[in-house]
Amino acid sequence: MSNNLTNGKLPTASSCVLPYVASRTTDGAITAPQDRWLTTTLPAAVMVDLQSVYYVNRWVVSNLGAAQWQNTYNMKGYSLQCSLDSQNWWTVDSVSNNTASATDRTFPPVLTRFVRLYIASNSGMAIHPTYASIARFEVWGDLPTSGYLTSLAISAGALTPTFSKTTYAYSSTVGFNVASTTVTAVLEDANAQLKINGVAAVSGQPSNNIPLAVGNNTIPIQVTPQLGPVQPYTVTVIRSDSTRLTSLTARDNLNNPISLKPSFDSNTTLYNVCIPQDSTATVLNITPVKEGVNATIAVNGTAVTSGTPWPVTIPAVGGSVSVPFKVLAPQVADTTYTVNVVKATSAYLQSVTGIPGVNFVKTTYDYTTSVTVPKVKATVIPEDTSAAIEVTVNGTSIPYTQSLSFTPNIGLNELVIKVTSSFGGDSRTYAFHITKS
């Protein structure tokens, strides 16, 4: 709502002719022809202290024609000037070549405390250009409405510094896994308008989802009050890069997939790869894939291209090599994924003797025979004495010794011997199907 801010205020003038003082221009309605301000000294001004800071957007000047004088007594030209300190003035609007008894003009809102009607030399009344006289001076406006927020929050994390309505810039740092955020802002004046990231938003409700790129993301929050300038707030969300891998796979140079143990997980950084003892492969190609946008990968200082195989020479039997894939990104702690590559010792049995009808060959894993003896006595010798050996008879585990002895049941009996290399990466299972008649 706009009000006549000069009404009832006590103006001052640069000069006047008594009794036609400046206060007659703000004392209410025009009641008589002598209800006016008059000066014979130009330039001149009538100033009013509004006694507070207001936004003004309209001014009305009633010339003498509005006070029952002839129109030749109307002012030819005048300006509205504003000031916040009564010392520094600027012109907001001007009238020239006027003949009207009153002018009523509007302009974009201006923040001011002091207003004045300024008349330049020879811009006075048409009949007396060096005289100035008006009946009424009005300036219309109102107190500015609030452009403040009472709270501000983001879904992605906490703001720094702590919110204060007169603090306009905030920041928050989030992890790479945070790909978007919403912003919730509460208006101090519910009638103000709110925009978040350039899109109209509702006070107290989350904004639309805002995608976050790696690095700085500046989100503007604009409050447009009913009366007053746009109040800008900003939130800069810094999304960290990632030093994680999304994949780590291995194939030998014969294009055989080689399993990592344990299975890959981006939070697990230590893996083992065991190449079977009888593999003829000479190279293991390990392929890391980065997660971070600006991340880099290196092995002992040498750059590795994400998604490109990194060749590792397979060590000799019983040997091992460690490959550290170091992932780096700006302003984020490094992560190193280590792959230990070993060439397995033998997981073969060297010999199995003592089982009737069995002619053992280490690369043959399934045997069938018949016996009539009350006990089966077998001598089982692995190629690698450090290998782990598990023995079951008809599904029941028995301790392994080089000399095994068991009493077979009438009918089919199953002797199963599993050999696992000392590095745990290679194993062989031998099955003996023994029928006792």
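All heavy atoms count here, side chains included; hydrogens, waters and symmetry mates do not. It should be emphasised that the depicted structure is a prediction, and the values quoted were computed from it without experimental measurement.
No donor-acceptor pair under 3.5 Å is formed between the side chain of Thr236 and the backbone N or O of Thr218. One N or O on the side chain of Thr181 and one on the backbone of Ala156 form a donor-acceptor pair closer than 3.5 Å. Checked by atom type and distance alone, the side chain of Thr112 never pairs as donor or acceptor with a backbone atom of Leu84 at under 3.5 Å. Looking only at distances, no side-chain donor or acceptor of Trp69 sits under 3.5 Å from a matching main-chain atom of Ala66. Side chain of Ser427 to main chain of Val419: no donor-acceptor pair is present (N/O by atom type, distance under 3.5 Å, no hydrogens or angles). Of the possible polar contacts, none joining the Asn4 side chain to the Trp140 backbone as a donor-acceptor pair under 3.5 Å is found. Not a single donor-acceptor pair under 3.5 Å links the side chain of Tyr73 to the backbone N or O of Met125.
Heavy-atom neighbours of Glu188 CD from other residues, nucleotides or ligands within 6.0 Å: above the threshold of 12. Summarising the local packing, CD of Gln350 is surrounded by more than 12 heavy atoms from other residues, nucleotides or ligands at distances under 6.0 Å. Within a 6.0 Å sphere centred on CG of Asp85, other residues, nucleotides and ligands contribute more than 12 heavy atoms. Summarising the local packing, OH of Tyr131 is surrounded by 12 or fewer heavy atoms from other residues, nucleotides or ligands at distances under 6.0 Å. Enclosure of atom NZ in Lys9 by more than 12 non-hydrogen atoms of other residues, nucleotides or ligands within 6.0 angstrom is indicated.
The ring of Tyr170 has its center no closer than 6.0 angstrom to the ring center of Tyr233.
Across all their heavy atoms, Lys76 and Pro129 have their closest contact at NZ-CB, 4.0 Å. Here the closest heavy-atom approach between residue Pro144 and residue Val53 is recorded as CD-O, 3.6 Å. Heavy-atom minimum distance, Trp310 versus Ala303: CZ3-O, 4.1 Å. Between Thr313 and Val321, the shortest heavy-atom contact is O-CG1, 4.2 Å. The minimum heavy-atom distance linking Pro309 with Thr287 is given by the pair CA-OG1, 3.4 Å. Between Val361 and Tyr367, the closest heavy-atom pair is O-OH, 2.7 Å.
The shortest side-chain heavy-atom distance between Ile221 and Leu194 falls under the 4.5 Å cut-off. For the pair Tyr148/Thr166, a side-chain contact is recorded, criterion being any heavy-atom separation below 4.5 Å from C-beta on.
With 3.5 Å as the limit, one finds no donor-acceptor pair spanning the side chains of Asp241 and Gln331. Asp384 and Tyr348 share no side-chain donor-acceptor pair at under 3.5 Å. Using modelled atom types and a 3.5 Å distance limit, the side chains of Thr160 and Ser171 yield no donor-acceptor pair. Side-chain polar atoms of Gln81 and Thr91 form a donor-acceptor pair below 3.5 angstrom. Residues Asn57 and Thr106 have side chains that never bring a donor and an acceptor to within less than 3.5 angstrom of each other. Remark: the Thr268 side chain and the Tyr337 side chain contain no N/O donor-acceptor pair separated by less than 3.5 Å. Thr243 and Asp334 share no side-chain donor-acceptor pair at under 3.5 Å. Side-chain contact of Thr182 with Ser155: a donor-acceptor pair under 3.5 Å is present, judged by distance alone. Residues Glu291 and Ser242 bring a donor and an acceptor atom of their side chains to less than 3.5 Å of each other.
Atoms CG and CG, on Leu227 and Leu111 in that order, are 9.0 Å from each other to the nearest 0.5 Å. Rounded to the nearest 0.5 Å, atoms CD1 (Ile154) and OG (Ser172) are 3.5 Å apart.
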CA sep, side-chain torsions, deciding dist, call: Thr420, Asp426, side-chain contact (heavy atoms from CB on, under 4.5 Å): CA-CA 6 Å; Thr420 303; Asp426 191 18; over 6 Å; no
Worked verdict on Tyr365 versus Thr429 for side-chain contact (heavy atoms from CB on, under 4.5 Å): CA-CA 6 Å; Tyr365 306 106; Thr429 299; over 6 Å; no
Intermediate values then yes/no, side-chain hydrogen bond (donor to acceptor under 3.5 Å, both in side chains), Ser101 and Asn71: CA-CA 7 Å; Ser101 294; Asn71 287 343; 3.1 Å; yes
side-chain hydrogen bond (donor to acceptor under 3.5 Å, both in side chains) between Asn340 and Ser322, worked out: CA-CA 4 Å; Asn340 295 317; Ser322 291; 2.4 Å; yes
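When the options Thr25, Thr6, Asn7, Thr26 are evaluated for a side chain to side chain donor-acceptor pair (under 3.5 Å) with Arg136, the one that passes is Asn7. Leu187 pairs in a side-chain contact (heavy atoms from CB on, under 4.5 Å) with only one of the listed residues (Ser151, Ser146, Pro225, Ser203), which is Ser203.
Both cation-pi conditions hold for Arg239 and Phe176: the charged atom is under 6.0 angstrom from the six-membered ring centre and inside a 45 degree cone around its axis.
Look at Asp35 and Arg24 and you find no salt bridge, because none of the NZ, NE, NH1 or NH2 atoms lies under 4.0 Å from a carboxylate O.
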